[in-house]
Structure formats: C-alpha cells, structure tokens
Amino acid sequence: MNITAIRGFNDILPGESEVFRLIESEAGRVFSSYGYSEIRLPVVEKTELFSRSIGETTDIVEKEMYTFPDRHGDSLTLRPEGTASAVRAYIEHKLYTLPVARLYYTGPMFRYERPQKGRYRQFYQVGAECLGDDSPRSDAEALSMLMTFFERLELKGATLQINSLGCAQCRPAYKERLKAFLAGRVDSLCENCRRRIGANPLRALDCKSHGCMEATKDAPSIIESLCQPCSVHFEAVRARLRLSGVEAKINARMVRGLDYYTRTTFEIIAEGLGSQNAVAAGGRYDRLVAELGGPETPCFGFAIGMERLALIIREGVPVRPLGVFIALGSPAEEKGAALLKDWRDKGLKLTEDFSTGQLRNRMKRADRLGARYVVILGPDELGQGVVTFKDMASAFQEKLPWDGVPARVLRGAIGAVES
RNA sequence: GUGGGCGUAGCUCAAUGGUUAGAGCGCUGGACUGUGACUCCAGAGGCUGGGGGUUCGAAACCCCUCGUCCACCCCA
C-alpha cells in the first residue's frame, strides 16, 4: 500500500462512525430544545480572521495553523476552531439585528500538532455560540445545556471547572500584579514560563512543571482581583448554576489558550482520556465581535471534542437490526426485488446476499455481516407465498407469509428498533 | 518542535545471529447437493515498514528514514 492517509488525519470507520452520528444528533436535539439553530460554516477562511481573533501570539496562530496561499495569493487557513467563523458570519449577515443569536455547528477543525491520544490534526467539534447577551443567566444556560447533553449521552465522571478572567477593566491590573509576583521568583520558573512572563504571565498558573507549581502556589488569585461588575457576574453565574443543580468547581488557575476570552471560562474534564482530558471548553468573549468590526456584542460559547467524547461514552450505540435476504434461484431473485422494496419502504434494514454458493456458505456470510435475522426465499417458499424467517441469535425459524415479515421484525421480537 | 515505546500474514502475537519465518483468529473451499455459531480436513495469504551497513549468514545487531502509539509543549 503506497498511499495512506496523512499523519493525524483519520478515517472514521463503521463502528466508530455510529458514535459520531449519535453525538451529532443528540447535540442537535438538546441544543435546539434551547432555541439554538444550526449554522454551517466554511472550513477555510482568510488567515487574518484567525490571527486577529485567536491572538497573534497564541500557539495556535504561531505554529499550529494549516495556512497556504490560494491562486490569487491570498493567505487562507484551514479553521483551527469554530468561534471565529461563527462570529464572522454573525457580522457579515448582520445577525445582530436579532435580539440574540443562538447558533451551533459541527465539523472538522485542523491544527498542526503531534497526534496523541484524543488529539489529531483533523478533529471534530460540536460548538455552540450565544451572541448578543451579557446576562450571567446566559453563561449558566449554556453550561447547563452542555451538562444536559452529557447526561443524555450517559457520560459519567465529567467535572465542570469554572473561572473568571475578568475584563478590560480588571485584567490588566491583575496581569501587572502577577508579573510583579513572578518577577520575584524567576529562578524557580521553567524556561517556558520565564519567556512568557512579559506577554502572557497567566500561563504560568497552569504550567505543570514542578518548579512553576511550587512558585505560583501563593500567587495572587484572579478571582479575588476581579472588578466589582465582573465579580458580581461571576457570583451570579455560580448562583444560577446551583439553581439548575449543576456542580461547578472553581479553578482560579485555569487559563485559556485563546486571547478572546473575558469573564467566565470553563473546562469539562473527563476520565479515561490520558493527558488530553478536556472534553469540552469555552467561555465568554464580550469583545470579539466588536474587535472584528461588528457592534459591541457580548457572547458566550463552547466547543466539544468529538473524538474525545467518543472515546469515553458508552459503547453499543443502538442500531436497527440488520436482515439478510437470500434468494435461491432466478425466480426467487426476481420476486425478491419487489419484496425487498416493500419491506424497506416499511422501515426494515435489509441487505441482499448476491453470492451463489451453497446455502451453508451464504448463511455464514450473513452471520459475518452481523445479521440478526435471515430471510430465505427458495423454490419451495416461492410456491407457497412464504419465506423462511430465521432469528440468528436463537436459531428459531418459521415460515412467514410475505406481508408478515415487517410485523415480525418491527414488533420487536428481533430486538430494539432504533435508528 | 522535544523525548520514549512499538513496526513480522487481514487481526493478535511467536521465532539464542543459523535450513524453506510460524501459531491462533479471520478468509477460501470441502466433509454436509436448502441452514450460520461447534468439529474435522485442505488451501490461499509475507520484499519481517523502507534504505544503507556489520557478518560466511540479519526479522533479530548498528545508522538513517518513514509510520504509529504515549508523553512534553499546547489544546477540544
């Protein structure tokens, strides 16, 4: 085999694809029950959109984007995340004329990183953005919607951590305080953190190196440094979450890797993912729309990592039981065509075996295809207007009149019927 | 970008530097001319990831390279 998929780009094969479909359809169901509508966004945007919204000095923009010139020389980029595109579309189509826009999207994102467990160069996200509302209830609503979604998927052991990064009023002051604090202990910081003290001292807070963890133990807390409005907002979000029965742990050291966040940020941590343990994350971004040329618009949004979620949600996605149809001889094949059409129209999931060997081998093929039942039409059955209907799990078989097959399958005797 | 583990049949894995690289599962066919899973028999399937080197002799040892997994960085 000479040509293989490129590194970090994976095929999602049958077996796995059902889980992805389940995640997407459940997300659509839950989100739309909160008034969210789907927006389909392009996978490629002008590079500038991402560098301006995510931040010039972030890792994503500095070294993880798939950027290339198109034939006119414009610099294009495969989207590394969805929020920037959603905001661009919001402004471009003047969706701000609505009182509030609740949007969700799903699809592939691209980042040039070394692949490892739960991290790939092409990865899928489901994201949601609520644009045009500054109420803390909006933060809480999105969070409890997300938790509801996880409940629907029977996700166990997911914990919600929240933080507030403040706003243009209070963050700069905090940054200075932290810088001053860190400056006193440069020696114990890791090389990386030393370098970023100037541009992004907050990063030192969630650095995993021992020295940094030790050095920042008594660092000033951002939560305690919030200005009055931000502090009120944060407390209101927490109160609202309690009301909805959502447990949230404060993590004052949680820092986001994208520059546009303000006030509330959060992460949902799941077990069983190795070191890439955030299955969903997001927060408030009150400045981004204005920074990209739209009107002042407060927003809240998040994204869910689909392959990470797929790694941990329960197995055994319900699928409709598969039937295999076996015709013996040309007359039966001809009659079978009409019967299959009718049965499929009535909702059965049936595949036909086109092989011609011994019935024994054809049964074997049906078994290998995962057939829950087999429908056999041979010369005998043809004469009597029946089929031989066999339940593969119990080995029980019976003769059924042609129009009796759908009822036999659909009444559930063959297992749960679900799409 | 950095570090480590692993690359042998479709899959999971064997094989002190020494004949013709094996096993289980799967696949194809038969025993059994209309009944799968169990049993038995036969068969197909490999440039041992690729390239170079050491050696009388390499799947094995050395170098390079590619792929993959895990971790770091960072993130969903």
Side-chain angles (χ1 to χ4, degrees), chain A residues 1-10 23 54 57-64 79-83 106-128 146 190-193 195-196 200 203 206-209 212 254-258 266-270 273-283 301-312 324 326-329 332 353 355 357-382 387-397:
Chain A
M1 177 73 159
N2 287 324
I3 301 177
T4 57
I6 55 184
R7 153 175 278 196
F9 288 68
N10 302 118
I23 291 170
I54 296 168
T57 62
T58 57
D59 281 19
I60 293 180
V61 171
E62 275 183 350
K63 49 185 205 193
E64 296 175 2
R79 63 177 181 190
E81 58 112 33
T83 300
T106 177
M109 307 294 165
F110 306 85
R111 289 183 202 172
Y112 192 92
E113 299 181 90
R114 280 285 275 271
Q116 67 185 75
K117 185 173 185 145
R119 183 167 73 194
Y120 311 100
R121 290 184 172 179
Q122 174 174 332
F123 60 102
Y124 293 81
Q125 288 188 336
V126 183
L146 185 53
C190 73
E191 206 177 313
N192 243 320
C193 289
R195 192 165 42 76
R196 46 195 183 200
N200 197 353
R203 293 234 69 98
D206 72 345
C207 181
K208 284 165 203 150
S209 98
C212 297
M254 186 177 63
V255 176
R256 311 276 50 240
L258 292 79
F266 77 94
E267 232 170 65
I268 292 179
I269 309 296
L273 283 177
S275 63
Q276 310 305 316
N277 61 356
V279 71
F302 62 78
I304 302 160
M306 281 218 263
E307 30 288 270
R308 290 184 188 181
L309 188 51
L311 278 170
I312 49 178
V324 169
I326 299 178
L328 304 171
D353 175 42
S355 71
Q358 303 174 42
L359 180 57
R360 151 191 182 68
N361 286 322
R362 299 181 68 180
M363 289 297 288
K364 201 170 180 175
R365 287 163 60 92
D367 193 33
R368 285 280 301 156
L369 286 173
R372 298 274 282 281
Y373 60 93
V374 172
V375 176
I376 302 167
L377 183 65
D380 300 350
E381 287 89 348
L382 198 57
V387 291
T388 293
F389 185 94
K390 178 163 189 170
D391 182 319
M392 295 296 271
S394 65
F396 176 77
Q397 72 179 44

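Quick note: numbers below take in every heavy atom, side chains included, and nothing from hydrogens, waters or symmetry partners. Protein chains get the first letters and strands the later ones, always in sequence-line order, with residue 1 at the start of each.
- Nearest-nucleotide positions on RNA chain B for A:F9 and A:I60 put A:F9 closer to the 5' end.
- Between A:D391 atom CG and B:G36 atom P the separation is 15 Å, expressed in whole Å.
- A salt bridge links A:R256 with A:E267: the distance from a Lys NZ or Arg NE/NH1/NH2 to an Asp or Glu carboxylate oxygen falls below 4.0 Å.
- Atom-to-atom, NZ of A:K390 to C1' of B:G36 comes out at 6 Å; the value is rounded to the nearest Å.
- The distance between atom CZ of A:R365 and atom C1' of B:A37, rounded to the nearest whole Å, is 17 Å.
- Look at NZ on A:K364: it is 6 Å from P on B:A37, rounded to the nearest Å.
- Between B:A76 and A:N277, no contact under 4.0 Å exists linking OP1 or OP2 to a side-chain N or O.
- Each of A:F123 and A:N10 lies near RNA chain B, and the nucleotide nearest A:N10 is the one positioned closer to the 5' end.
- The partner of B:G1 is B:C72, judged by Watson-Crick or G-U wobble contacts that both fall below 3.5 Å.
- Between the side chain of A:R308 and the base of B:C75 there is at least one donor-acceptor pair of N/O atoms closer than 3.5 Å.
- Considering only side-chain N and O atoms, A:R256 lies under 4.0 angstrom from the phosphate OP1 or OP2 of B:A76.
- The base of B:G34 lies close enough to the side chain of A:E381 for a donor and an acceptor atom to sit less than 3.5 Å apart.
- Base pairing annotation: B:G7 forms a Watson-Crick or G-U wobble pair with B:C66, both donor-acceptor distances under 3.5 Å.
- Between A:R119 and the phosphate of B:C75, there is no side-chain N or O to OP1/OP2 separation shorter than 4.0 Å.
- Atom CZ in A:F396 sits about 19 Å away from atom C1' in B:A37, given to the nearest Å.
- If you take CG of A:L311 and P of B:C69, they are 12 Å apart, rounded to a whole angstrom.
- No side-chain N or O of A:Q397 forms a donor-acceptor pair with one of A:T388 less than 3.5 Å apart.
- Annotation: cation-pi geometry not satisfied between A:R111 and A:F123 (NZ/CZ under 6.0 angstrom from ring centroid, within 45° of ring axis).
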